[in-house]
Amino acid sequence: MLDDIPMSSYQIWSVLMIAATVILDGLDNQMLGLAAPSLLKEWGIDRTALGSVFALGFVGMAVGTLTSGWVGDRFGRRGALIIGVAIFGVATLLTGFSGALWQVAALKTLAGVGLGGVPGTASAMIAEFTPVRWRSVAVTFGVVCVSIGGILGGVAAALILPGLGWRWLFYIGGVVTMIFVTWLWFVLPESPRYLAERPDRAAELDRILRRIGHPDPASAAHVPLAAGEAPRYEPMRNLFGTALLRDTLALAVAMFSGMFMIYLMFNWAPTMLNSAGFGLQTASLGLTSFNMGGTIGAMIASLAIIRFGSRPVLILMAIVGAAVCATLALLPISGGRNEAAVLACLGALGLFASAAQSAMFAVGAHAFPTGLRARGLGLMGAAGRVGAIVSAVAGALLIDWGNLGFFGALGALMLVNALGFIAVRGHVPALGRKDAL
């Protein structure tokens, strides 16, 4: 039904509300990485200790990703999304009051539980609110909001850190998030596709379809009841059955390498640039440039996927991303040299490498069926969190090897990323010109 009618203003508004949760996820997620240079200097701690804190945060994110996927498929996308945002909002606010590294570590782990579940749940929910002709664009837009949050965080850090210090990043981020959660509780609807498989919630589906603009919502909302069907729940093991095993593993490999790359940038790029001789403002703007490139590139990729399908688009983006990493690895930057070139290359890295990871969620939303979608995306996300955990520890070591080791490792990861995209069978197909309009 959703595929056959125009996308209504209510659907667009719902997608924007869901996407806003991902903006906050990106903002809060990158905050410790932006604060890292100031925190290391103020508390006199070494990078290895901070790397352990990042790793604990990613452990929390892995737990949150899997838990949120299970909650989303079992009890609803709406509740899983709101709970996730509330958890990381509280943890972010409390981090500003931390007086010791162990407190930051504990709160980073708690924040990770909330942060981990939001992108996958949001992707599933956006996919289930949109018709097929707009689905890849909408899902990619939702995921790329992580980069939009990072842009806001980078700009805020450049303005706040020199004058007010790192604590105010967490104060402001936490308060804004909690205000948004309160509003979201009253206005966010449940996914219509999720409700369509729950006959006991047909009345709720009826109300949502009326707001979407279905001429006879009861005809869709009450079909399962009339047929006497029970709610259908697919077991997790189906992700590893014959039909889905290859896509499950290939997307997990692609997500592992992609999130390794992204979180190495989020958490360690400002510190790496600072150690190379760039100032705090330039280090923050470097991450902002990466996020801006990722935002622009992801939206371009989503439109290209409509025209050409996801397979050639994502493979090409990963390979070009590897070439950009090679350029950064060989560029002389010690002593703060070639600042303009570094910022431009970081923007290009976001434009291709980061954008490919955002568009990957659209592939997952297409490859996994409704009954397994949230858990399939959650499993992808969990593989990504493992990559992020490894990046937290590896980042502290790679910085010591300079830009050659740091960006050389990123280039290798992007080649693995491309291999994962090559192996996926359930890519989003190219839509015909008529369908794409």
Side-chain angles (χ1 to χ4, degrees), residues 1-23 68-86 117-143 145 180-234 361-362 365-366 368-378:
M1 181 276 293
L2 292 177
D3 290 340
D4 292 337
I5 63 175
M7 192 164 175
S8 68
S9 60
Y10 181 71
Q11 288 167 282
I12 295 172
W13 175 242
S14 298
V15 167
L16 290 176
M17 280 191 290
I18 299 164
T21 67
V22 186
I23 292 177
S68 180
W70 180 81
V71 172
D73 279 339
R74 192 83 183 194
F75 301 106
R77 321 298 198 210
R78 178 183 183 274
L81 193 64
I82 292 175
I83 290 170
V85 178
V118 169
T121 302
S123 296
M125 202 168 180
I126 289 173
E128 293 168 3
F129 258 105
T130 52
V132 67
R133 59 189 174 278
W134 291 112
R135 194 166 299 148
S136 65
V137 175
V139 172
T140 302
F141 168 72
V143 176
C145 285
F180 182 75
V181 166
T182 303
W183 175 75
L184 205 64
W185 176 262
F186 294 102
V187 299
L188 182 67
E190 182 57 271
S191 157
R193 280 188 169 89
Y194 173 83
L195 292 175
E197 297 192 349
R198 300 300 186 278
D200 56 319
R201 299 177 66 176
E204 186 178 351
L205 175 60
D206 185 283
R207 290 193 298 271
I208 292 175
L209 295 184
R210 287 184 187 280
R211 298 199 65 178
I212 288 175
H214 192 282
D216 184 17
S219 66
H222 294 278
V223 165
L225 280 179
E229 297 179 1
R232 187 174 55 198
Y233 179 76
E234 294 197 46
F361 279 92
H366 175 80
F368 300 121
T370 299
L372 289 165
R373 185 169 291 126
R375 280 170 292 166
L377 291 171

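All figures in this text were calculated on a predicted structure; none of them were measured in a lab.
- Checked against side chain to side chain donor-acceptor pair (under 3.5 Å), S68 has the following partners two or more places apart in sequence or in another chain: T121.
- Here the shortest heavy-atom pairing between T21 and A122 reads OG1-CB, 4.4 Å.
- The nearest pair of heavy atoms linking A196 to L205 is CA-CD2, 3.7 Å.
- Rounded to the nearest 0.5 Å, atoms CD1 (I82) and CG (L188) are 5.0 Å apart.
- Applying the salt bridge (charged side-chain N to carboxylate O under 4.0 Å, His left out) definition to pairs two or more places apart or across chains, none involves residues 10-20.
- In terms of the salt bridge (Lys or Arg N to Asp or Glu O under 4.0 Å) criterion, R78 has no residue partners (sequence neighbours excluded).
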Y10/W13 under ring pair (Phe, Tyr, Trp, His ring centres under 6.0 Å): CA gap, chis, key distance, verdict: CA-CA 5 Å; Y10 181 71; W13 175 242; 9.2 Å; no
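- The ring pair (Phe, Tyr, Trp, His ring centres under 6.0 Å) test applied to F75 returns W70, not counting sequence neighbours.
- Summarising the geometry of F129 relative to S191, their closest heavy-atom pair is CE1-CA, 3.9 Å, with the distance given to 0.1 Å.
- Between R193 and T130, the shortest heavy-atom distance links the atoms NH1-O, 3.4 Å.
- Scored by the side chain to side chain donor-acceptor pair (under 3.5 Å) test, S8 finds Q11 as partners (sequence neighbours excluded).
- In this structure, M17 and P189 have side chains that are in contact, with non-hydrogen atoms separated by less than 4.5 Å.
- Applying the salt bridge (charged side-chain N to carboxylate O under 4.0 Å, His left out) test to every pair with at least one member in residues 119-129, sequence neighbours left out, gives these pairs: R77-E128, E128-R373.
- Contact record, I18 with L81: CG2-CD2, 4.0 Å, taken as the closest heavy-atom pair.
- Just one of L16, V118, V22 meets the side-chain contact (heavy atoms from CB on, under 4.5 Å) condition when paired with C145; it is V22.
- Of the inter-residue distances, the one linking I212 atom CD1 with I12 atom CD1 reads 11.5 Å to the nearest 0.5 angstrom.
- Between V71 and A80, the closest heavy-atom pair is CG1-CB, 3.9 Å.
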